[in-house]
**Q** 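Sharing a structure, written as structure tokens. Questions coming.
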Amino acid sequence: MTSIYRRRLAGAALFLPLTRGAWAEVCGKPTARQTEGPFFKPASPQRITLIEAASKAPHLVVSGRVLTADCKPAANALLDFWHADENGDYDNRGFRYRGHQFTDGEGRYRLETIVPAVYPGRTRHIHVKVQPAGGRILTTQLYFPDERENQRDGLFRAELVMQMAGRGQGAFDFVVA
Ligand SMILES: [Fe+2]
């Protein structure tokens, strides 16, 4: 009885005209989905930093927020990152350069890792799955600006390019449906 009532209310809300103010709060479109590719592995360790002590690769910090489609911070959202190592290889036996974390109360995340190497057939990229608490998984990839291979990679999407502050700091806000 209660659930039917709620459903009718939710349905009715869809037909309410949005006021000008309400339009201004609509935060734009959800982040584009991309293939997960062949190298995703479930059950990555929970950690902020993927940096390996022995690696000499340049470090990279990626930070930003996970937002709902109406621009609210998605607290406790899951982000699972994986990317190629300094040689362009994925660790398919262990979990090097793989890890998951959760956003804080303001929807923020911070990943510390290395700049992944380019491997044949792809431009430089980072894979990620983003899942708001209790919500649907968004699988996508992040790209780097000014990469020679960007225009030759059929998967590349300009809207998934991180904003970079120098070579070592990237920013990207995810919008989940
Ligand atoms: Fe990849």
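Hydrogens, waters and symmetry mates play no part in the numbers below; they use all other heavy atoms, side chains included. Note that ligands are numbered from 1 as they come in the structure, with each ligand's atoms numbered from 1 the same way.
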**Q** Linking I/L/V/M/F/W/Y whenever their side-chain heavy atoms sit closer than 4.5 Å, directly or via other members, would Ile126 and Met164 fall into one cluster?
**A** yes

**Q** Has Gln141 got an N/O/S atom less than 2.8 Å from the Fe ion (ligand 1)?
**A** no

**Q** With a 4.0 Å cut-off, would you call Glu86 and Lys56 a salt bridge?
**A** no

**Q** Is Arg33 salt-bridged to Glu159, cutoff N-O under 4.0 Å?
**A** no

**Q** Counting backbone and side-chain atoms alike, does His125 have an N/O/S atom under 2.8 Å from the Fe ion (ligand 1)?
**A** yes

**Q** With the Fe ion (ligand 1) at the centre, find the angle made by NE2 from His127 and OH from Tyr90, to 10°.
**A** 100°

**Q** Just so I know, are the side chains of His125 and Phe156 near enough to count as touching, which here means a heavy-atom distance under 4.5 Å?
**A** no

